[in-house]
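Everything on this sheet refers to the single structure shown next.
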There are 4 protein chains.
Amino acid sequence: MPKIVDAQIREATRQRILREAAREFARLGFDQANINLIAEQAGIGKGTIYLYFENKRALFIEMLRSIAQSQLASLRAALAEKGTLQQRLERLVLAFARMAEEDSDSFHVYMSSLYGVNRAFQAEATKQLHEYLAVIAHILEESQQAGEIQIEDVEMTALRIFSATESFVLSARVLGYTEQEITRQASVIAHQVLHGIGVHAG
Amino acid sequence: MPKIVDAQIREATRQRILREAAREFARLGFDQANINLIAEQAGIGKGTIYLYFENKRALFIEMLRSIAQSQLASLRAALAEKGTLQQRLERLVLAFARMAEEDSDSFHVYMSSLYGVNRAFQAEATKQLHEYLAVIAHILEESQQAGEIQIEDVEMTALRIFSATESFVLSARVLGYTEQEITRQASVIAHQVLHGIGVHAG
Amino acid sequence: MPKIVDAQIREATRQRILREAAREFARLGFDQANINLIAEQAGIGKGTIYLYFENKRALFIEMLRSIAQSQLASLRAALAEKGTLQQRLERLVLAFARMAEEDSDSFHVYMSSLYGVNRAFQAEATKQLHEYLAVIAHILEESQQAGEIQIEDVEMTALRIFSATESFVLSARVLGYTEQEITRQASVIAHQVLHGIGVHAG
Amino acid sequence: MPKIVDAQIREATRQRILREAAREFARLGFDQANINLIAEQAGIGKGTIYLYFENKRALFIEMLRSIAQSQLASLRAALAEKGTLQQRLERLVLAFARMAEEDSDSFHVYMSSLYGVNRAFQAEATKQLHEYLAVIAHILEESQQAGEIQIEDVEMTALRIFSATESFVLSARVLGYTEQEITRQASVIAHQVLHGIGVHAG
DNA sequence: GATGAATGAGCATTCATTCAT
DNA sequence: CATGAATGAATGCTCATTCAT
């Protein structure tokens with residue numbers, strides 16, 4: 001009964017495909033990326049990829065989902081530890097900066113889907129955006145319950161924080177700033193956001 | 001000597017091509033967009049487009065430049081009038097929101113180039129980003145000279161403002177917020193940015 | 001010693017494959033038919049089919065042979081009973097009409113092979129055609145010996161009878177005639193054929 | 001104004017494609033035939049074929065139509081001349097035999113469509129079959145008006161004649177008979193058909 | 001200059017077949 | 001024996017680009 005081993009091998013292959021797909025899609029974009037090349041780089045035959053994913057689009061979408069899960073996990077881990085809102089916001093910037101650096105392909109392929117023109121891909125990326133915002137909203141609510149701040153529109157505030165953090169990291173990278181230069185902005189950004197919210201609610 | 005008329009006709013055709021290109025590229029992205037269709041919609045033969053642009057990539061790049069000029073002009077017009085920094089930052093958000101609404105195609109095709117995976121397109125879009133930042137830096141310096149604020153790193157501050165404004169507008173649109181809902185955030189964003197900078201430097 | 005049972009099971013599986021193959025090939029033709037689907041519908045794994053048939057072509061050829069045997073048996077049964085040549089020719093038309101109706105898949109897959117462009121399949125189908133003709137020739141010779149008719153070229157006469165009977169049934173079906181309408185022609189066709197031969201040799 | 005020449009060149013190219021298509025389809029059948037090869041043999045680029053025909057299927061259908069027109073013209077020409085019904089029926093066999101010999105590709109690709117399993121192709125081929133039958137029905141009616149014969153069901157009679165002539169030619173060719181051997185049967189077949197109808201109606 | 005017919009590189013996808021289990 | 005995961009050859013079709021008119 002080689003089921004367990006099989007399942008493991010299968011999952012490993014699947015992950016290898018997703019990884020190579022992220023690499024190719026990040027390098028060339030959806031249309032220019034070559035499925036056959038992805039298969040080759042994943043060390044499998046070109047027909048095999050279709051045993052794991054229905055077609056090129058499905059592979060792309062599932063790759064987006066995979067990225068989403070991974071990045072969200074990183075984010076949650078970064079914000080799990082308690083602390084002041086200032087500290088947590090700083091950690092948010094650092095988390096985004098690290099993600100963008102360490103898993104650059106995934107970060108960029110996700111952002112390009114979110115802001116690209118393909119509606120289907122944008123819809124999928126937007127799902128993850130909602131999750132990001134939920135994570136941010138969650139720490140805002142914790143701070144609010146702790147009497148740290150007083151917020152009227154949690155949703156919009158979360159979106160402003162998202163712009164000030166993830167979008168900032170993205171723009172900074174596009175402009176060629178290093179991770180170090182970006183992380184150095186963490187405290188300033190946290191400060192900016194905090195005062196934008198209206199600290200010391202009490 | 002029909003030179004002047006010819007030149008005018010030629011320029012008009014060029015503009016028509018650029019307009020239709022923006023529409024198609026915004027609708028389908030670079031790869032999926034069809035050059036022949038753009039030519040047809042511009043009312044010219046499909047060979048003619050190559051008398052105006054070297055190839056599809058060149059057309060895309062020049063379209064980006066054209067968008068850049070137009071949007072930069074809007075931005076400068078919006079910030080030309082004097083006022084407090086708070087007012088000017090509010091106008092910045094409003095300007096981006098209006099651009100995203102009224103010239104939606106251009107706005108999105110530009111943003112998708114800036115954050116997309118194609119290096120050549122990103123490089124071109126980045127040029128415009130530098131110009132945006134220069135405009136923002138300019139009003140910051142004016143405010144600084146007026147003693148309104150005190151800034152250490154103008155460049156990074158401008159980038160933070162960019163994230164808090166244009167990227168915010170972009171994200172908000174992706175999430176489906178209306179122009180009204182977005183513009184309503186103008187004053188809050190301006191306030192957030194101002195306090196992030198550290199107003200009342202003195 | 002489960003030999004006998006095994007052999008029975010094996011033969012049953014083989015027949016099931018042939019039946020499903022006939023169905024699929026009749027539905028889609030050789031190229032469009034899907035081996036994996038045939039295996040699935042026969043209730044076996046897709047690798048198993050290759051334990052029974054060398055490849056897709058061999059399966060098709062053997063299916064043709066299987067059809068041939070079955071149809072030839074029907075034909076012989078229909079003509080076994082004695083009678084006048086007129087009666088037997090009528091029974092011939094009826095036999096073809098019934099075959100085309102009751103085992104429509106087999107009838108059409110055979111005819112399409114006989115008249116199709118694939119030389120290998122046509123060669124196989126032609127073998128059966130020779131057998132059909134032999135059956136027809138046999139009853140002609142019996143009638144001849146009985147002094148009923150006088151024939152010069154038995155082979156060509158048999159072929160003319162084949163055209164007037166099986167090909168007639170095929171064409172009529174293609175045109176949408178019902179079995180009833182076709183069988184109603186049996187006596188006329190028999191009559192036509194008989195007078196074509198030159199009855200009452202004596 | 002090179003319109004006329006252009007139209008001629010265009011039509012010539014179209015005919016060349018149709019001719020090569022008939023050759024390839026006759027050689028390999030629809031599925032196995034290679035569009036790129038047809039283009040190559042027609043002396044054009046592989047993209048060019050799609051300027052003349054929407055896709056492979058459309059090319060096949062139009063090829064069938066083209067064959068139909070051509071063969072029907074041959075048939076009508078063969079039967080245009082007046083004569084006794086016996087003479088005309090003999091000419092019918094000869095016409096089919098000549099078509100099958102001289103334009104063998106067309107003849108077989110048409111017959112394989114008529115009797116093949118592809119419904120779309122069969123439907124198209126059936127249209128031509130109706131025309132064949134109409135031509136046969138026409139000479140029957142002429143003979144009837146001339147008091148030569150008396151027929152009850154013209155439609156079915158025409159179909160019986162079709163089987164006895166075209167299908168006979170087809171079967172004979174499949175069996176390897178030469179054109180000479182086939183044409184030698186013309187008078188016998190005409191005789192068979194005539195007596196089947198019931199000559200000397202009076 | 002303007003045109004559009006012609007071109008062919010390029011690629012996603014299918015499916016008969018193999019073979020390790 | 002039976003299986004089905006893996007394979008890769010094979011191909012219809014699109015569309016940016018060229019160039020004769």
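Fair warning: this is a prediction, and the values are worked out from it, not measured in the lab. Every chain is numbered from 1 and lettered A, B, ... according to where its sequence line falls, protein lines coming before strand lines.
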Rounding to an integer number of Å, can you tell me how far B/Ile17 CD1 sits from E/dG1 C1'? 13 Å
From CG of A/Leu59 across to P of E/dC11 the rounded distance in Å is 16 Å
Rounded to whole Å, CG of B/Leu51 lies from P of E/dA2 at a distance of 6 Å
F/dT11 C1' sits how many Å from D/Glu24 CD, rounded? 14 Å
For F/dT21, the Watson-Crick or wobble counterpart (both distances under 3.5 Å): E/dA2
Within 45° cone and under 6.0 Å: C/Arg10 NZ/CZ vs C/Tyr52 ring: yes
Return the value, rounded to whole Å, for the distance between atom CZ of A/Arg14 and atom P of F/dA5. 15 Å
Within this structure, what is the CD-CG distance for the pair B/Glu24 and B/Leu37, rounded to the nearest 0.5 Å? 4.5 Å
Hey, is A/Glu62 close enough to A/Arg65 for a salt bridge, meaning N to O under 4.0 Å? no
Does E/dA9 have a Watson-Crick or wobble mate here (both distances under 3.5 Å), and if so which one? F/dT14
For nucleotides 15-20 of chain E, just jot down a letter per nucleotide in 5' to 3' order: B, S or -, based on protein non-hydrogen atoms under 4.0 Å. SSBB--
To the nearest angstrom, how far is B/Ile49 atom CD1 from E/dG4 atom P? 13 Å
Calculate the interatomic distance between C/Arg10 atom CZ and F/dC1 atom C1'; express it in whole Å. 9 Å
Please report the interatomic distance CE(C/Met63) to OG(C/Ser113), rounded to the nearest 0.5 Å. 6.0 Å
Please compare B/Gly45 and D/Thr13 by the position of their nearest nucleotide in DNA chain E and report the one closer to 5'. B/Gly45
Testing the 3.5 Å rule here: is there a donor-acceptor pair between the side chains of D/Gln32 and C/Asp31? yes
Counting the atoms with a prime plus P, OP1 and OP2 as sugar-phosphate, which does C/Phe53 contact under 4.0 Å by heavy atoms, base, sugar-phosphate, or nothing? nothing
Any ion pair linking B/Glu40 and B/Lys46 (charged N to carboxylate O, less than 4.0 Å)? no
D/Gln15 atom CD, neighbour heavy-atom count above 12 within 6.0 Å: yes
Nearest-Å distance for atom pair CZ/C1', residues A/Phe60 and E/dA12: 16 Å
